[in-house]
Structure formats: C-alpha cells, structure tokens
Amino acid sequence: MQPVIQHPWDITPSEAIDLQIRLSKLVVKQDQLGPISSIAGIDVAYHKENDTLIASIVVVDAESLEIIEEHAWSGTTSFPYVPGLFSFRELPSIVKLLSAITHRPDLIICDGQGIAHPRRFGLASHLGVLYDIPTIGCGKSRFIGEYSPPLNERGCQSGLFDGDKLIGAALRTQKNVKPVLVSIGHRISLETACHWVLNATRHYRLPETTRLADRYGRQFYEQNKQPITLPN
DNA sequence: GCGACAG
DNA sequence: ATCTTGTCGC
C-alpha cells in the first residue's frame, strides 16, 4: 500500500495546522465504499524509556473476524503529542507499516477520532485521505464535542455535537459499558460507521480489530525487547 | 486568566 | 500512551 497523497512530516505545528485545513477539504463524508470483505485495525504503543514506538495492523475477515494478515513496525518518536496534531505523531510510522501490507483492507478502523476534531481532520480522516481508503474513527474517550449518555443497551447511540454541528456518535458497544466515540474518517457515513463498529465488536468494549492490533503490537515488543542470542 | 485536551 | 496495588464486581 502506498499513499496517493504525499506531504512532508518534518514540519512545525503551525505548518501542520495549515496542512490540516487544506487536506480536510478532501474528506468524503458519505458512503463511498464497495463490498466490505476485510477490515483492518491499527494501533500504536509507546515505550517512554527508549523514545520508541510500535505501530501494528491486523487485517481480518469482515464476517468471521479471523486474522488474514498482521504486521508491526518499530520506530522512534519525532513529533510531540499535541492535542489536535495527533496524526503527525503516529502517521509516519503507520505509513511505514502499511508499505509492508499485502492485503489492502476494504475498511480501516482507527484508534482515535475522525472528523470529531477542531479542524475536522483527526487521525482517521488523515489516514483515509492519504490512502483514499474508507476509514472510521473509534476513540475510547472524547476529544471535542458534547453528548448525552446513550441508553444502556448494546447498539444504542447519541449524537456528539460541536455546538449545533453533528460530528460523531457516542455508541454503546456493550451493556453497562462506557460508550466509544465514533466519527467519520473518510468515504463513509456516520450511520455506516456505527454499523461496522458494532459488527467488529463482539465481547468487549472495543472492536476486535483494535484489540487484535494492540495484542500483536505487545507481542512484537516482547519478542524484540530482549533479542535472543544463539550460543556458539 | 483558567480549565480541557484523541493516544 | 505509560507509570502502577488494590479493589469492586460478575
């Protein structure tokens, strides 16, 4: 997989904001997807002691959620965590990660927000526009916007509003569990996004895709933490 | 000025 | 995100 859009990553926060404003105009907020046979989850874990990070992706069958492919990439942190510029911290590593994938997924569920962002260009939207691929933002916590608690049943949801603007949904993926924040990433409607998040959510709060990516990332880290040296 | 602030 | 013990609940 290769990006269809190219832009520098070694930029200042000010330049990053200008870039977001320009690229945000390319986000497609309606359904523009074909048959969904495979879904991918992406996750990034950090290890402060080494300024190192692990980006991981797991591609699964959309119906059975069985693993089709999984990859991980170890890199270093170059951009600081700045609320609103999150994608500039994680995407450089994710781009390297995706260059190794052989199965292009039909849909990607991201850990973080899509257009539920000050400039309507969170991580999921940025990734989607970069690869012109359908993406969903599925965050564990709110970034911007307000919502009232959805009814306490799996599948119930309530709108996430930035003033009068509907920017996402608080979706209850399990009963008695805090809702996740779903938003349009790229080439998908909010309704369809919620549908696929529910489809990928089976026994836990988060989609299996992100859980599997998180698990693979941890596994990759443990495996490379203490390299095995064969005795001579 | 003060509080909030995806991962 | 990560640093971390106990603790409440099914």
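Just so it is clear, the structure is predicted and the values come from calculations on it, not from any experiment. Reminder, nothing fancy here: chain letters follow the sequence lines and each chain counts from 1. Scope of the values below: all heavy atoms of this structure, side chains included, with no hydrogens, waters or symmetry mates.
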Single-linkage hydrophobic cluster, 4.5 Å side-chain cutoff, A:I115 and A:L181 together:
no
When we call it a touch if two heavy atoms are under 4.0 Å apart, what does [X] touch: a base, just sugar-phosphate, or nothing?
X	result
A:G84	base
A:G139	sugar-phosphate
A:H117	base
A:L85	base

Starting at atom [atom1] of [X], determine the distance to atom [atom2] of [N], rounded to an integer number of angstrom.
X	N	atom1	atom2	result
A:H47	C:dC3	NE2	P	8 Å
A:L91	B:dG7	CG	P	15 Å
A:F88	B:dA6	CZ	P	17 Å
A:D111	B:dA6	CG	P	12 Å
A:Q113	B:dA6	CD	C1'	5 Å
A:I115	B:dA6	CD1	P	18 Å
A:F86	B:dG7	CZ	P	7 Å
A:R89	C:dT2	CZ	C1'	11 Å

Can a side-chain donor-acceptor contact be found between A:R205 and A:Q174 if the only test is distance below 3.5 angstrom?
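No.
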Take A:S189 and A:D31, measure what side chain to side chain donor-acceptor pair (under 3.5 Å) needs, and give me the verdict at the end.
CA-CA 5 Å; A:S189 66; A:D31 287 321; 3.1 Å; yes
Could you check, using the six-membered ring where one of them is a Trp, whether A:H7 and A:H126 have ring centers closer than 6.0 angstrom?
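Centroid distance A:H7-A:H126: below 6.0 Å, so yes.
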Is there a side-chain polar atom (N or O) of [X] under 4.0 Å from OP1 or OP2 of [N]?
X	N	answer
A:S141	B:dG7	yes
A:K48	C:dA1	no
A:R142	B:dA6	no

If you check the A:R218 side chain, which of B:dA6, B:dG7, C:dT2 turns out closest?
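Of the candidates, C:dT2 comes closest.
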Salt bridge (charged side-chain N to carboxylate O under 4.0 Å, His left out) between A:K175 and A:E153, worked out:
CA-CA 5 Å; A:K175 185 174 184 178; A:E153 289 294 340; 3.4 Å; yes
Going by 5.5 Å between centroids and 30° between planes, is there a stack of A:Y81 over C:dA1?
no
Are A:F143 and B:dA6 stacked, counting the six-membered base ring, centres under 5.5 Å, planes under 30°?
yes
